[in-house]
There are 2 protein chains.
Amino acid sequence: MQNRIKELRQKHNFTQDELADRLEVSRQTIISLEKERYNPSIVLAYNIAKLFDMKIEDIFIFEEGEQNG
Amino acid sequence: MQNRIKELRQKHNFTQDELADRLEVSRQTIISLEKERYNPSIVLAYNIAKLFDMKIEDIFIFEEGEQNG
DNA sequence: ATTTTATGTCAAGCTAACTTTACATGCTAC
DNA sequence: GTAGCATGTAAAGTTAGCTTGACATAAAAT
């Protein structure tokens, strides 16, 4: 799965630290998501989409036949 | 977080077993999700939404200030 | 009556999603 | 030149998401 977090964060002029604060997660989590080391939980994905006023599907790009977990 | 999985499964006349097969997860996972014991991963949520031809946000109902993880 | 089907519980185990802490690097200021 | 800021890596720990397997129960089919 790909995501547009870094792009959207920069468009909104947030630092990783600011974004982490707004989403109530650690800065490490932001780094890990931007580097696509793992996927966010559905709740975090929802909070990100809400913050940027977008749909989950417009921030996270799912590939065909992607495996769960 | 609430979800409409059981409702949608029944509307489509799927058994838990059939739904599990289509989503390539175990039947236990379907039971756990319907009983809201835990939230699906974002990939599974996406696959569920895709199967029912809906948006993630229309199947999973997020509450205000929901905590991540 | 007994087999099958659908739903459910329980428990143990694995990996993914997050946390915290500590340290490294490049950049821009004074 | 050193202080601060933004980004990054690494490592160790906890909890959530998912799996497998075994068993329970009620309803429907044969």
Side-chain angles (χ1 to χ4, degrees):
Chain A
M1 204 191 61
Q2 294 176 255
N3 74 66
R4 300 173 53 203
I5 298 179
K6 184 169 192 170
E7 171 203 339
L8 292 166
R9 174 176 65 78
Q10 290 175 335
K11 188 174 291 183
H12 288 255
N13 278 328
F14 293 156
T15 65
Q16 292 179 338
D17 225 19
E18 281 168 357
L19 182 56
D21 275 1
R22 285 175 190 256
L23 295 170
E24 296 181 72
V25 295
S26 68
R27 189 171 63 90
Q28 262 313 310
T29 296
I30 302 300
I31 292 175
S32 297
L33 294 178
E34 287 190 354
K35 296 266 161 199
E36 293 174 357
R37 291 201 221 281
Y38 51 70
N39 299 329
S41 71
I42 189 175
V43 173
L44 180 50
Y46 174 78
N47 287 333
I48 293 170
K50 191 170 144 205
L51 177 63
F52 291 134
D53 195 28
M54 296 173 71
K55 292 281 178 193
I56 290 176
E57 284 92 341
D58 295 323
I59 297 181
F60 300 93
I61 297 110
F62 300 87
E63 283 131 28
E64 216 45 43
E66 197 143 11
Q67 345 203 38
N68 317 309
Chain B
M1 203 191 63
Q2 294 175 256
N3 74 68
R4 301 173 53 203
I5 297 178
K6 184 169 193 168
E7 172 203 339
L8 292 166
R9 174 175 65 78
Q10 290 175 335
K11 189 174 291 182
H12 288 254
N13 279 327
F14 293 155
T15 66
Q16 292 178 338
D17 225 19
E18 280 168 359
L19 183 56
D21 275 0
R22 284 176 190 257
L23 296 170
E24 296 180 73
V25 295
S26 68
R27 190 171 62 90
Q28 260 313 309
T29 296
I30 301 300
I31 292 175
S32 297
L33 294 178
E34 287 190 356
K35 296 267 161 198
E36 293 175 356
R37 292 201 219 282
Y38 51 70
N39 299 329
S41 70
I42 189 175
V43 173
L44 180 50
Y46 173 79
N47 287 333
I48 293 170
K50 191 170 144 202
L51 177 63
F52 291 133
D53 195 28
M54 296 172 71
K55 293 279 179 195
I56 290 177
E57 284 92 342
D58 295 324
I59 297 181
F60 301 94
I61 298 111
F62 300 87
E63 283 131 28
E64 216 45 43
E66 196 142 12
Q67 341 204 36
N68 316 310

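Labels below follow one simple rule: chain letters A, B, ... track the order of the sequence lines, proteins then strands, and each chain is numbered from 1.
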Under 4.0 Å from OP1 or OP2 of D:dC18: is there any side-chain N or O of B:S41 that close?
yes
Closest to the B:L33 side chain: C:dC18, D:dC18, C:dG8?
D:dC18
Among C:dG8, C:dC18, D:dT19, the one nearest any side-chain atom of B:R37 is C:dG8
Atom of B:L33, atom of B:N3 and distance for their closest heavy-atom approach:
O-ND2, 2.9 Å
Within less than 4.0 Å of OP1 or OP2 of D:dT7, is there a side-chain N or O belonging to A:R9?
yes
Of the listed nucleotides (C:dG8, D:dG8, D:dG17), which one gets closest to any side-chain atom of A:E34?
D:dG8
Interatomic distance, A:I5 CD1 vs C:dC18 C1' [rounded to whole Å]
14 Å
What integer distance in Å separates B:R27:CZ from C:dC10:P?
14 Å
Please tabulate, one pair per line, all N/O donor-acceptor pairs under 3.5 Å involving side-chain atoms of residues 13-20 of chain B, not counting sequence neighbours.
residue: B:T15; atom: OG1; partner: B:D17; partner atom: N; Å: 3.4
residue: B:T15; atom: OG1; partner: B:E18; partner atom: N; Å: 3.0
residue: B:Q16; atom: NE2; partner: B:E34; partner atom: OE1; Å: 3.2
residue: B:E18; atom: OE1; partner: B:T15; partner atom: N; Å: 3.1

Among D:dA6, D:dC18, C:dG8, the nucleotide that comes nearest once only the side chain of B:P40 is considered:
D:dC18
Relative to the 5' end of DNA chain C, which residue comes earlier, B:T15 or B:I42, by the nucleotide with the nearest heavy atom?
B:T15
For the pair B:F52 and B:H12, name the ring-plane relationship: parallel under 30°, tilted 30 to 60°, perpendicular over 60°.
tilted
Taking the nucleotide of DNA chain D with the closest heavy atom to each, which residue, B:S26 or A:Q28, is nearer the 5' end?
A:Q28
How many whole angstroms separate atom CD1 of A:I30 from atom P of C:dT20?
13 Å
Using only side-chain N and O atoms of B:K6, determine if any of them is under 4.0 Å from OP1 or OP2 of C:dG8.
yes
What's the CG-P distance between B:D21 and D:dT20, to the nearest Å?
11 Å
Do B:I5 and A:V43 land in one hydrophobic cluster if side-chain heavy atoms of ILVMFWY residues count as linked below 4.5 Å?
yes
Take atom CD of B:E36 and atom C1' of C:dT9, then tell me their distance rounded to the nearest Å.
18 Å
Over how many whole Å does the gap from A:N3 atom CG to C:dA17 atom C1' extend?
14 Å
Pair A:T29, A:Y38 - check side-chain contact (heavy atoms from CB on, under 4.5 Å), show working.
CA-CA 9 Å; A:T29 296; A:Y38 51 70; 4.0 Å; yes
To the nearest Å, give me how far apart CG (A:N13) and P (D:dC5) are.
17 Å
Between C:dA17 atom P and A:K35 atom NZ, what is the distance in whole Å?
18 Å
